[in-house]
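Hydrogens, waters and symmetry mates are skipped; everything else that's a heavy atom, side chains included, is used. Lettering follows sequence order; numbering is per chain, from 1.
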There are 2 protein chains.
Amino acid sequence: MSRSGADLALLLLGSYRSMVNAATSELASRGYKDFKPIHEFALRAIVAGADSASDLGRRTSVSKQAAAKTIAVLVERGFVVSAPDPNDARRKRLQVTGAGLEVMSQGEAILENLREKWKKQIGSTELASLEARLTALVGDAAIRIDAPGWVAQDSG
Amino acid sequence: MSRSGADLALLLLGSYRSMVNAATSELASRGYKDFKPIHEFALRAIVAGADSASDLGRRTSVSKQAAAKTIAVLVERGFVVSAPDPNDARRKRLQVTGAGLEVMSQGEAILENLREKWKKQIGSTELASLEARLTALVGDAAIRIDAPGWVAQDSG
DNA sequence: TGACAATAGACAACATGGTTGTCTGTTTAC
DNA sequence: GTAAACAGACAACCATGTTGTCTATTGTCA
């Protein structure tokens, strides 16, 4: 059964979705309702140094307005605080809160758990080589997580 | 460098995007402007037997209204024709046109080409086993291609 | 130093693609 | 023959992105 290129693409998408769906539904069951991948990735970017809306937008290849909307949600839910930058009155500095770090770590743990499960199925070296191959395929293309629609879907 | 579960998810997403971006931009350069994955998958579903809007909606796990909107686009571009069903006056039967088959085959060829390139890189048996593993990971979950946002994005 | 360009963020308008709800007409099932 | 189910159309709405415009602030440089 030689698969086609289209099937391969679908397979990659399906694998991603399968992981993300598991993670979002598990997070939801732990009380983090409507926590979407896009929130996770925004938090990661902020932790990684994106400390303003414009900055976050640049890093995630999204308009600053879109970034600002995401930030508004995260602030409203207490995952991020936004305070005026003392050094630049135009800016508001972003910081991930303890709650934000907590949800990130739980999300990460869930994904890690899925990966471990998979590792047990196919073996550690197999998984490593698969990851290496995917890395080669992706190359240096930045992975952009702008994601309305299904990526952001709760898939309840 | 032991990767994390989140990285794996991102890798899967990135791989998919990388294939799809290549395909859409190549199709665009061949004159198929704004032909998005969702169109491809709708055509595939119609060829596979979804011959009405409601049917297409069911098969792609999308509301019939959403399916109808997609069909409207495909009809407008000449990839699909919609004619009253002689056996059921409620229905309009869908049929993929020659142009529709053509764009499908070109899209498929582009993806196939990418897959071949990859096969040369990592070897045929390696690719097969990777696909088998992804298949196992995805399991029986239906892959739903509802996809506003980046999935549907043209990515210049 | 003073003027002009660049930047941050807010606000509004709009695009895309999906959803639900309602309505009409047709078919199917008792 | 009547009631339920179904197909499709239409409208309203939601989510998430975009561009455009505006104000305030900062940085640059003549």
When rounded to the nearest 0.5 angstrom, what is the spacing between CD1 in B:Ile122 and CG in B:Leu127?
-> 5.0 Å
Mind calculating the distance between CD1 (A:Ile71) and P (C:dA8) to the nearest angstrom?
-> 12 Å
Taking all atoms of both residues into account, what is the closest heavy-atom pair of B:Ile71 and B:Ala53, and its distance?
-> CD1-CA, 3.5 Å
Calculate the interatomic distance between B:Asp55 atom CG and D:dC6 atom P; express it in whole Å.
-> 13 Å
B:Arg93 CZ - D:dA7 P separation (whole Å) = 13 Å
Verify, without hydrogens or angle tests, whether B:Arg58 (side chain) and B:Lys64 (backbone) share a donor-acceptor contact under 3.5 angstrom.
-> no
Any salt bridge between B:Glu26 and B:Arg30, counting N to O under 4.0 Å?
-> yes
Under 3.5 Å donor-acceptor pair, B:Lys69 side-chain atoms to C:dT19 base atoms = yes
Answer yes when B:Lys117 and B:Glu112 have at least one side-chain N-carboxylate O distance shorter than 4.0 Å, and no when they do not.
-> no
Would you call B:Asp7 and A:Arg44 a salt bridge, taking side-chain N to carboxylate O under 4.0 Å as the test?
-> yes
Going 5' to 3' through nucleotides 22-30 of chain C and flagging B where a protein heavy-atom sits under 4.0 Å of the base, S where only the sugar-phosphate is that close, and - otherwise, we get ---BBS---
Just how far, in rounded Å, is C1' of C:dG9 from CG of A:Leu56?
-> 13 Å
Lys/Arg N to Asp/Glu carboxylate O, A:Arg91 vs A:Asp51, below 4.0 Å | yes
Minimum-distance nucleotide (side-chain atoms of B:Ala66 versus C:dA8, C:dT19, D:dT16) = C:dT19
Does C:dG17 have OP1 or OP2 sitting under 4.0 Å from an N or O in the side chain of B:Thr70?
-> no
For A:Lys92 and C:dA10, give me the distance from atom NZ to atom C1', rounded to whole Å.
-> 9 Å
Is any side-chain N or O of A:Ser63 closer than 4.0 Å to OP1 or OP2 of D:dT19?
-> no
B:Ala67 vs A:Arg58, nearer the 5' end of DNA chain C by closest nucleotide = A:Arg58
Here the ring-ring contact (aromatic ring centres under 6.0 Å, His included) pairs for residues 62-90 of chain B, sequence neighbours left out, are B:Phe35-B:Phe79
Counting only heavy atoms not in A:Glu102, do more than 12 sit closer than 6.0 Å to its CD atom?
-> yes
Distance in angstrom units between B:Glu76 CD and C:dT16 C1', rounded | 14 Å
Please round to 10 degrees the angle between the axis of the first five pairs and the axis of the last five pairs in the helix from C:dT1-D:dA30 to C:dC30-D:dG1.
-> 10°
Give a yes/no answer on whether the side chain of A:Ser54 brings an N or O atom under 4.0 Å of OP1 or OP2 in C:dT7.
-> no
Between A:Val73 and B:Ala68, just flag the one whose closest nucleotide in DNA chain D comes earlier from the 5' side.
-> B:Ala68
d(CZ, A:Arg91; P, D:dT26) in whole Å = 11 Å
